[in-house]
Every structure is written in C-alpha cells, then in structure tokens.
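Presented below is the structure to which this report refers.
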Amino acid sequence: MNAAPRTPQDALDALAGQDEPTGLDLTGLDLRAALARRTAPVVLRGCDLSGADLRGADLDEAVFDDCVAVGARLTEAVLTRARFLGGSFASADFEDADLGDAVFERTDLANSCFTRALLDDAAFTGCRMTGADLSALRGLAVTLTLRNCAMQLVDLRDTALRGIHLTGCDLTEAHLHRTDLRDAVFEDCRLREADLRDARLDGADLRGADLGEIGETVVSRLRGTVISPEQAAAVCAALGLRVVG
C-alpha cells in the first residue's frame, strides 16, 4: 500500500508513477511535467486538483473519478475520450480544449468555460452547468449530448447546434443570442426567459419546451418553429387573437 504523500513533490511523484493515484492533494500545482512522465492514461480517484495547471496537457482517455478541480486550468488540453465521473470542475477553464468523445456524468461544471472547445460526440448527463460558457464551440458541436443538465444562465452564443436533441435540460435565462438551433429538438426542457435574439430557429421543435409566459417579445422569436396546440393558443392570446371553432 502506498504511503500518503507528505510534500507537493511526493504528490507529483505519485501522480507520475502510481497506476491509479487516489486522494492526492494537487492543489495549485503544475501537473504537466508529472503527467508527461506517465506511460499510461491517468486514472485519478478522489484527488483535489483545484487551481492546478493542466494547460496543453495530454489527458487522452484520462479518468477523473469524484475529483475536485475548482478553477483548474485546462486550456488547450487534449481530453479526448476522457471521463469525468461526479466531482466538481466548477469555474474550470477548458477554453480551446479538445474534448472529443469526452463523458461528463453528474459533474459540477458551474461557471466553467468551454469557449471554442471541441465537443464532438461529447456527452453531458446529469451535470450542473449553471452559468457555464459554451460560446463559439468549434467542430461538430451538434453531435454533443445534453441530458438532464441544469443549464440556467448558460452561454451558448454564436454556437452551431443545428439538429441537436436536448433532453430534460433547464435553460432558464440561457444566452442563445445568434445560436444556430435550426431543426433542434427540445424534449422536456425549460426555455423560460431565454435570450433568443437573432437565434436561428427554423424547424426547431419546441413542443416539449416550457417557454414560460408567452408575450409579444417571445412570439416574435418563434417564427418558423414547431409548437404544440397549447403553445399556439398562448401565442394567439399574446397577439390578442380569438380562435373560434
């Protein structure tokens, strides 16, 4: 059984040499050199990486199991096929990172930054993403999966999501300014008070979306969308129309 690391250098040596480092305190450390010494993908369990420097690190197929990495710096990191299981990466910076085929399950990503990240075929399930920045994503962002995520105040401006299927997501007050959501499907989602200015919504299926109070401003954003009879009745009411059978 490995002895608990006593110094930051001991923790870095454990990160470089142990098969599955567990319970390491790596807060505020530059982890890149230690990771470069590894010969196999890293599997971290219950480690604290808060404020750690992982910029540009090769973390292909890495596993973060119940780890805390609040404010960690992961800009331009290679995180293809990485798995994030529980834990917290709140306020972490994934800007310009490659997260192709990455999996996030029940992870706290509140206020994290994914600006210009590659999220092709990435999956987020049951995550807390309140206030996260997913603006200007690169690649085929439409292939990402978003299921049962808390996405209030999320920033998706200038992101191409044509044809995406969102399930059970709360996008209350989400920033969707200039987002391409053509042919998107919102299943059991909330879009209350979302900013839809200049969003591209042609063919978007909003029948499974809670649009909140439908006033004239909301109505003006719905052109070209697919809505339910109940939503259509609310639209008519907002326009002062009476439908007589």
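- A chain of hydrophobic side-chain contacts below 4.5 Å, direct or via other Ile, Leu, Val, Met, Phe, Trp or Tyr residues, connects Val235 to Leu191.
- For the atom pair CZ of Arg200 and OG1 of Thr179, the computed distance is 11.0 Å after rounding to the nearest 0.5 Å.
- Gly168 and Cys189 get closest at one heavy-atom pair: N-SG, 3.9 Å.
- Considering all non-hydrogen atoms of both residues, Leu137 and Thr159 come closest at N-OG1, 3.6 Å.
- Atom CG of Leu166 is separated from atom CZ of Arg147 by 10.5 Å, given to the nearest 0.5 angstrom.
- In this structure, Leu15 CG and Arg38 CZ are separated by 6.5 Å, a value rounded to the nearest 0.5 Å.
- A donor-acceptor pair under 3.5 Å is formed between the side chain of Arg138 and the backbone N or O of Arg116.
- Taking every heavy atom of both residues into account, Leu79 and Ala102 meet most closely at O-CB, 3.9 Å.
- The shortest distance between side-chain heavy atoms of Asp96 and Thr75 does not fall below 4.5 Å.
- Tested against Glu20 for a side chain to side chain contact (heavy atoms under 4.5 Å, CB included), the candidates Val43, Leu44, Val42 yield a single pass: Val43.
- Residues Val154 and Leu171 meet the side-chain proximity criterion, which asks for heavy atoms closer than 4.5 Å.
- Across all non-hydrogen atoms, the minimal contact from Leu99 to Ala122 is O-CB, 3.6 Å.
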Quiz item: Are Asp202 and Arg182 close enough, and set up right, to give a salt bridge (Lys or Arg N to Asp or Glu O under 4.0 Å), and what steps lead you there?
Solution: CA-CA 5 Å; Asp202 290 343; Arg182 289 174 293 172; over 6 Å; no
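- Residues Ile164 and Met151 are members of one and the same hydrophobic cluster, defined by side-chain heavy-atom contacts under 4.5 angstrom among Ile, Leu, Val, Met, Phe, Trp and Tyr.
- Side chain to side chain, Asp133 and Thr115 meet the donor-acceptor criterion of an N or O pair below 3.5 Å.
- For the pair Gln152 and Glu173, the minimum side-chain heavy-atom distance is 4.5 Å or more.
- Taken to the nearest 0.5 Å, the CZ atom of Arg83 stands 6.0 Å off from the CD atom of Glu105.
- Side-chain heavy atoms closer than 4.5 Å link hydrophobic residues (I, L, V, M, F, W, Y) into clusters, and following such links, even through other members, never connects Val70 to Leu49.
- At a threshold of 4.5 Å between non-hydrogen side-chain atoms, the residues Leu222 and Gln231 do not count as touching.
- One hydrophobic cluster, built from ILVMFWY side chains closer than 4.5 Å, holds both Leu29 and Leu59.
- Considering CG of Leu35 and CG of Asp30, their distance stands at 9.5 Å, rounded to 0.5 Å.
- Contact of the Leu181 side chain with the Leu156 side chain is not registered, since no non-hydrogen atoms from C-beta on lie closer than 4.5 Å.
- Of the residues Asp120, Asp58, Asp98, Asp60, the one that meets the side chain to side chain donor-acceptor pair (under 3.5 Å) test with Thr80 is Asp60.
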Quiz prompt | Phe64 and Phe89: CA distance, side-chain angles, deciding distance, ring pair (Phe, Tyr, Trp, His ring centres under 6.0 Å) verdict | solution = CA-CA 10 Å; Phe64 300 91; Phe89 278 73; 5.5 Å; yes
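- Relative orientation of the Phe104 and Phe114 rings is perpendicular, given thresholds of 30° and 60° on the angle between their planes.
- Shortest non-hydrogen contact noted between Gly86 and Thr107 is O-OG1, 3.3 Å.
- Residues satisfying the side chain to side chain contact (heavy atoms under 4.5 Å, CB included) criterion with Ala234, sequence neighbours excluded, are Ile214.
- Atom-to-atom distance recorded for Asp25:CG and Asp10:CG is 12.0 Å, nearest 0.5 angstrom.
- Ion pairing of Arg55 with Asp93 is absent here, as no side-chain N (NZ or NE/NH1/NH2) approaches a carboxylate O to less than 4.0 Å.
- Between the side chain of His177 and the backbone N or O of Arg157 there is no donor-acceptor pair closer than 3.5 Å.
- Scanning all heavy atoms of the two residues, the minimum distance from Asp210 to Arg192 falls at OD2-NE, 2.9 Å.
- With salt bridges taken as basic N to acidic carboxylate O contacts below 4.0 Å, one links Asp158 and Arg178.
- Under the 4.5 Å side-chain contact rule for hydrophobic residues, Leu176 and Ile227 share a cluster.
- In this view, Asp66 satisfies the side chain to side chain contact (heavy atoms under 4.5 Å, CB included) rule with no residue, not counting sequence neighbours.
- In terms of the side chain to side chain contact (heavy atoms under 4.5 Å, CB included) criterion, residue partners of Arg128 (sequence neighbours excluded) are, by chain and number, Asp108, Ala110, Thr130.
- No side-chain donor-acceptor contact under 3.5 Å links Thr225 to the backbone of Leu206.
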